[in-house]
Number of protein chains: 2
Amino acid sequence: MYDYIMENDCDPIYGKVDELLELLTKSKGLHILLILHKANRELGFTDLKRHVESASTTVSRRLSELEKYGLVDRCQNQTRPNSMSYALTEKSKSLAPIIQSMYDWCKVNQC
Amino acid sequence: MYDYIMENDCDPIYGKVDELLELLTKSKGLHILLILHKANRELGFTDLKRHVESASTTVSRRLSELEKYGLVDRCQNQTRPNSMSYALTEKSKSLAPIIQSMYDWCKVNQC
DNA sequence: CCGAATCCTTTTTGATACTG
DNA sequence: CAGTATCAAAAAGGATTCGG
């Protein structure tokens with residue numbers, strides 16, 4: 001087993017990991033992904049906003065960032081013109097179960 | 001299956017989950033837990049500081065918070081008097097694999 | 001060396017107002 | 001309604017300092 005803990009320098013992968021974590025860990029970042037995962041379908045802005053209970057500014061910003069990192073797809077809402085829908089990407093679909101297990105852990109441990 | 005997404009009110013568990021996530025997602029929060037997990041033994045302040053590459057102020061604050069939430073144990077260092085060691089608690093031991101999988105996901109997806 | 005207190009800078013958030 | 005711009009407040013981070 002690679003006992004990297006004994007190394008003096010930091011595992012270089014951490015830089016990139018931290019970069020993503022900085023995004024995911026901003027307010028409602030993980031939450032938005034989890035909501036989309038559980039919904040298992042596209043959701044509109046207002047739906048998301050209601051579920052995460054945050055200011056529209058925050059939801060808007062977070063969605064932009066998530067989209068930029070390829071974790072959320074923004075697509076035309078089929079039913080409502082002039083509005084968008086948001087969904088997980090292939091990339092974030094594989095992350096969602098991990099987030100889910102984190103929430104589950106929180107539940108069980110009653111934090 | 002409980003389709004909570006259709007509910008108007010927010011799942012009440014989210015308040016508590018978010019509270020924990022706010023802690024875990026502060027700078028180096030997850031990182032510290034992962035380092036302790038991989039080390040699989042107590043680590044001193046300086047060891048931790050070096051591995052997460054952050055200011056002592058930040059490491060100190062994070063450790064205090066993690067301890068307060070029962071995610072880190074602070075105990076007397078056996079070899080060096082006047083200094084502490086830090087280790088995972090039973091509680092955080094069960095969380096560590098989840099954090100690990102998040103890091104692994106980041107690695108694979110090259111974020 | 002270990003780690004916390006102070007103090008200052010940067011980042012993030014959210015209320016409000018605004019546009020299509 | 002669906003977002004975005006602006007701006008003020010709050011939160012978080014880090015350099016320095018200081019005491020064991």
Side-chain angles (χ1 to χ4, degrees), chain A residues 8 10 14-15 17-33 35-36 39 41-69 71-87, chain B residues 8 10 14-15 17-33 35-36 39 41-69 71-87:
Chain A
N8 271 329
C10 200
Y14 278 128
V17 172
D18 280 344
E19 198 177 316
L20 176 76
L21 285 180
E22 273 178 29
L23 164 58
L24 291 182
T25 62
K26 283 180 185 171
S27 183
K28 309 305 176 182
L30 288 169
H31 201 161
I32 287 173
L33 294 182
I35 295 291
L36 288 173
R41 61 180 175 83
E42 303 173 6
L43 290 178
F45 186 86
T46 302
D47 276 343
L48 280 169
K49 181 179 179 316
R50 184 173 55 249
H51 282 294
V52 301
E53 289 184 319
S54 196
S56 65
T57 318
T58 298
V59 179
S60 175
R61 270 191 296 237
R62 212 55 65 232
L63 285 171
S64 298
E65 294 165 3
L66 289 169
E67 186 194 9
K68 183 176 156 196
Y69 277 77
L71 298 176
V72 156
D73 260 343
R74 186 189 301 249
C75 47
Q76 267 298 328
N77 189 312
Q78 299 300 324
T79 58
R80 272 173 305 194
N82 302 330
S83 94
M84 296 289 158
S85 278
Y86 303 88
Chain B
N8 272 330
C10 201
Y14 277 128
V17 172
D18 280 343
E19 197 177 317
L20 176 76
L21 285 179
E22 273 179 31
L23 163 59
L24 291 182
T25 63
K26 284 180 185 172
S27 183
K28 310 304 176 183
L30 289 170
H31 200 160
I32 287 174
L33 294 181
I35 295 290
L36 288 172
R41 61 180 175 85
E42 305 173 5
L43 290 178
F45 186 85
T46 303
D47 275 343
L48 280 169
K49 180 179 182 310
R50 183 173 56 249
H51 282 293
V52 302
E53 289 185 319
S54 197
S56 68
T57 318
T58 299
V59 178
S60 176
R61 273 191 294 235
R62 212 56 63 233
L63 285 171
S64 297
E65 294 164 5
L66 289 169
E67 186 193 9
K68 182 176 155 195
Y69 277 76
L71 297 177
V72 157
D73 261 343
R74 186 189 301 248
C75 46
Q76 266 299 327
N77 189 312
Q78 298 302 324
T79 58
R80 270 173 309 193
N82 302 329
S83 95
M84 296 288 158
S85 278
Y86 304 88

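Below, chains carry the letters A, B, ... as their sequence lines are ordered, and counting in each starts from 1. In what follows, every heavy atom counts, from backbone to side chain, and hydrogens, waters and symmetry copies are set aside.
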Nearest-neighbour nucleotide for the Tyr86(A) side chain, dG3(D), dT4(D), dA15(D) considered: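 Out of dG3(D), dT4(D), dA15(D), the nucleotide with an atom closest to Tyr86(A)'s side chain is dG3(D).
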With a non-hydrogen cut-off below 4.0 angstrom, is [X] in contact with a base, only sugar-phosphate, or nothing?
{"X": "Thr57(B)", "answer": "base"}
{"X": "Ser56(A)", "answer": "base"}
{"X": "Lys49(A)", "answer": "nothing"}

At what distance, to the nearest 0.5 angstrom, does CG of Leu66(B) lie from NZ of Lys26(B)?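 So the CG of Leu66(B) and the NZ of Lys26(B) are separated by 10.0 Å.
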Enter the distance from His51(A):NE2 to Asp47(A):CG here, rounded to the nearest 0.5 Å.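 So the NE2 of His51(A) and the CG of Asp47(A) are separated by 5.5 Å.
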Please state how far atom [atom1] in [X] lies from atom [atom2] in [N], giving the value in whole angstrom units.
{"X": "Phe45(A)", "N": "dC1(D)", "atom1": "CZ", "atom2": "P", "value": "12 Å"}
{"X": "Asn82(A)", "N": "dG3(D)", "atom1": "CG", "atom2": "C1'", "value": "12 Å"}
{"X": "Lys26(A)", "N": "dA12(D)", "atom1": "NZ", "atom2": "C1'", "value": "13 Å"}
{"X": "Lys28(A)", "N": "dA11(D)", "atom1": "NZ", "atom2": "P", "value": "15 Å"}
{"X": "Glu67(A)", "N": "dG3(D)", "atom1": "CD", "atom2": "P", "value": "11 Å"}
{"X": "Glu53(A)", "N": "dG14(C)", "atom1": "CD", "atom2": "P", "value": "12 Å"}
{"X": "Ile32(B)", "N": "dG13(D)", "atom1": "CD1", "atom2": "P", "value": "10 Å"}
{"X": "Leu63(B)", "N": "dG13(D)", "atom1": "CG", "atom2": "P", "value": "13 Å"}

Does Ser27(A) put a side-chain nitrogen or oxygen below 4.0 Å from OP1 or OP2 of dT12(C)?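 Looking at the OP1 and OP2 atoms of dT12(C), neither is under 4.0 Å from any side-chain N or O of Ser27(A).
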Between Lys68(B) and Glu65(B), does at least one N-O distance fall below 4.0 Å, as a salt bridge requires?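 Judged by the 4.0 Å cut-off on N to carboxylate O distance, Lys68(B) and Glu65(B) do not form a salt bridge.
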Polar side-chain contact Arg61(A)-dG14(C) base: donor and acceptor under 3.5 Å: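 Such a pair is found, so the answer is yes.
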Which of these passes side chain to side chain contact (heavy atoms under 4.5 Å, CB included) with Tyr86(A): Ile35(A), Asn77(A), Ile32(A), Leu48(A)?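 With Tyr86(A) as partner, side chain to side chain contact (heavy atoms under 4.5 Å, CB included) holds for just one option, Leu48(A).
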Only one of Ser56(A), Ser60(A), Ser54(A) forms a side chain to side chain contact (heavy atoms under 4.5 Å, CB included) with Lys49(A), so which one is it?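 The option that passes is Ser56(A).
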